[in-house]
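Report on the structure given below.
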Protein chains: 2
Amino acid sequence: MSTAPDSHPTDVRTRILLEATRLFAERGYNGTSIQMISQAAGIKRPTLVYHFGSKDSLREAVLGQLVKHWQAELPRLMAAASDGGPRLDSLMRALFQFFLEDRNRARLVLREMLDAPDSLTVELRRELQPWTQLLVDAMRTAQGQGVIRHDVDIESFLLLIITTSIGVLAIGDRTKALVPPEPGIDDQLMELIRIAKTSLFTPRES
Amino acid sequence: MSTAPDSHPTDVRTRILLEATRLFAERGYNGTSIQMISQAAGIKRPTLVYHFGSKDSLREAVLGQLVKHWQAELPRLMAAASDGGPRLDSLMRALFQFFLEDRNRARLVLREMLDAPDSLTVELRRELQPWTQLLVDAMRTAQGQGVIRHDVDIESFLLLIITTSIGVLAIGDRTKALVPPEPGIDDQLMELIRIAKTSLFTPRES
DNA sequence: CCTACCGATCGGTAGG
DNA sequence: CCTACCGATCGGTAGG
């Protein structure tokens with residue numbers, strides 16, 4: 001009664017969310033039964049249902065986790081970069097780091113985008129768009145100052161960087177079979193950074 | 001007996017493949033029952049099984065279609081561009097055109113990459129890699145001639161363009177919710193072309 | 001948090 | 001190309 005009832009790191013609810021994230025990412029929502037998740041979490045199926053109500057609610061909880069992360073991270077990044085304007089570097093680094101930490105996160109996002117549950121678009125727009133709006137504004141200012149090339153379509157550029165980052169991290173080790181020396185994820189990410197910089201910034205004169 | 005028994009454009013086998021492609025793309029392999037496909041094709045389930053043996057064989061047939069297209073298209077593109085070196089433009093245009101014709105193709109490819117059935121990597125490597133190898137060689141030559149920037153990682157560059165093109169065409173109308181004016185697919189593709197050109201070619205001196 | 005149970009749907013087969 | 005049928009698994013509920 002005096003100790004928090006379920007604040008352990010190996011909390012049941014947490015364990016369910018962890019395994020659900022992994023399995024949804026690896027096998028997809030439809031390819032994963034709540035039975036598999038329950039077993040991975042070391043409980044019986046009705047216990048999972050007791051905690052989350054339904055498979056679909058569990059899906060929303062899993063997705064909510066990721067959205068929540070960026071809802072906290074984007075403001076942090078914007079603030080940290082406020083001196084000297086937001087830096088492409090730190091943003092891309094944060095993007096890479098988060099999805100590299102657990103590549104299943106990238107796969108999950110991609111799958112959700114493909115399945116397009118109604119909840120997703122709505123939540124993205126409501127929770128994340130306000131922050132990316134700020135980012136777009138900052139970039140537009142940099143463009144006005146001549147730091148960013150005049151021919152850049154800021155909104156599309158941002159979207160493309162995000163799409164590509166997630167794409168590479170989710171399936172980069174599978175697409176590489178297309179091309180002979182089979183460049184690794186790191187090679188692809190480094191080339192992505194080069195491409196982004198080259199096509200975003202006005203070449204320095206001197 | 002004198003007329004071909006099933007060469008109609010509305011051939012049963014063709015109709016099954018068509019509906020399977022659409023449904024696998026929209027709902028995923030695991031999210032689509034052979035019952036749904038049969039119904040969409042206007043037949044009963046055992047008839048589908050009679051034609052394709054199993055759900056998994058149908059999956060391979062659906063994927064085989066797409067691989068076959070590029071197996072024919074890549075050599076064609078390489079040959080057409082042989083005078084003056086392969087042109088980035090025609091390649092990207094062909095890529096866009098094929099996947100724009102039916103966006104479900106892009107979604108299907110992305111889903112297969114995520115599901116990573118063993119057959120996929122093997123088939124990509126065996127059927128498509130020989131042709132992309134030629135493309136890489138041609139680009140490397142252009143790089144030696146100074147047409148392509150010296151700092152380009154050719155293999156990663158190619159992979160990134162393909163990943164991004166498919167990504168945009170598959171989920172571009174969903175990711176756009178992230179950014180305020182919500183740029184359309186066409187905006188994103190045009191910006192992708194700009195990014196590719198800017199980051200690939202050595203700036204002309206003049 | 002569990003045991004026991006539910007109807008519905010799954011992919012596939014038998015047999016014609 | 002179909003009807004009739006199969007065991008297995010699905011998500012979820014009753015009740016404790």
Side-chain angles (χ1 to χ4, degrees), chain A residues 1 3-64 108 111-112 115 117-119, chain B residues 1 3-64 108 111-112 115 117-119:
Chain A
M1 238 183 165
T3 51
D6 53 359
S7 58
H8 287 72
T10 45
D11 181 42
V12 190
R13 215 176 176 273
T14 307
R15 249 159 45 220
I16 295 174
L17 276 174
L18 215 72
E19 298 297 338
T21 304
R22 184 178 61 81
L23 287 164
F24 284 163
E26 287 173 359
R27 319 176 38 96
Y29 178 78
N30 285 306
T32 307
S33 64
I34 53 174
Q35 167 64 20
M36 293 177 197
I37 300 168
S38 309
Q39 193 174 328
I43 53 167
K44 301 296 178 181
R45 193 174 68 259
T47 305
L48 185 151
V49 177
Y50 163 76
H51 277 289
F52 287 93
S54 73
K55 191 186 180 187
D56 208 76
S57 303
L58 174 57
R59 171 189 218 151
E60 280 181 28
V62 165
L63 188 62
L108 187 82
R111 287 204 193 264
E112 288 296 307
D115 288 350
D118 303 336
S119 49
Chain B
M1 234 184 168
T3 53
D6 53 0
S7 60
H8 286 73
T10 45
D11 180 44
V12 190
R13 211 172 178 278
T14 308
R15 248 159 45 220
I16 295 175
L17 275 174
L18 214 73
E19 297 298 338
T21 303
R22 184 178 60 84
L23 286 164
F24 284 162
E26 286 173 359
R27 320 177 37 98
Y29 177 78
N30 285 306
T32 307
S33 63
I34 53 174
Q35 166 63 23
M36 291 178 198
I37 300 168
S38 309
Q39 193 175 329
I43 53 168
K44 300 296 177 181
R45 193 174 69 260
T47 304
L48 184 150
V49 178
Y50 162 77
H51 277 288
F52 287 91
S54 73
K55 191 186 179 186
D56 209 75
S57 304
L58 174 58
R59 173 189 217 151
E60 282 181 27
V62 165
L63 189 62
L108 188 81
R111 287 205 194 264
E112 289 296 308
D115 288 349
D118 303 336
S119 50

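If you're wondering where the values come from, they're calculated on a predicted model, not measured in any experiment. Below, each value reflects all heavy atoms present in this structure, side chains not excepted, and no hydrogens, waters or symmetry copies. Here is how names work: the chains are called A, B, and so on, in the same order as the sequence lines, proteins then strands, and each is numbered from 1.
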With B:S38 via side chain to side chain donor-acceptor pair (under 3.5 Å) - residues at least two apart: none
Start and end of the DNA chain C segment that chain A contacts, any atom under 4.0 Å from a heavy atom: C:dC1 to C:dC5
By side chain to side chain donor-acceptor pair (under 3.5 Å) - contacts of A:S119 (at least two apart): none
Other residues, nucleotides, ligands: >12 heavy atoms within 6.0 Å of A:Q35 CD: yes
Show every donor-acceptor pair shorter than 3.5 Å between a side-chain atom in residues 22-31 of chain B and any protein atom, with sequence neighbours excluded, or say none if there are none.
| residue | atom | partner | partner atom | Å |
| --- | --- | --- | --- | --- |
| B:R22 | NE | B:E19 | OE1 | 3.0 |
| B:R22 | NH2 | B:E19 | OE1 | 2.7 |
| B:R27 | NE | B:G31 | O | 3.2 |
| B:R27 | NH2 | B:G31 | O | 3.3 |
| B:Y29 | OH | B:D56 | N | 3.3 |
| B:Y29 | OH | B:D56 | OD1 | 3.4 |

Residues A:T10, A:T14; criterion side-chain contact (heavy atoms from CB on, under 4.5 Å); working and verdict: CA-CA 7 Å; A:T10 45; A:T14 307; over 6 Å; no
Whichever of A:G53 and A:S33 has its nearest DNA chain D nucleotide further upstream toward 5': A:S33
Runs of at least three Watson-Crick or G-U pairs with DNA chain C, cut-off 3.5 Å: C:1-16 with D:1-16
Touch class at under 4.0 angstrom, heavy-atom based, for A:T32 against every strand present: sugar-phosphate
A:T21 side-chain N/O to A:L17 backbone N/O, donor-acceptor pair under 3.5 Å: yes
Summary of salt bridge (charged side-chain N to carboxylate O under 4.0 Å, His left out) pairs that have at least one residue in residues 33-52 of chain B, sequence neighbours excluded: none
Check: A:L48 and A:Q39 side chains under 4.5 Å, non-hydrogen atoms: no
Most 5' of B:N30 and A:Y50 on DNA chain C, judged by nearest nucleotide: A:Y50
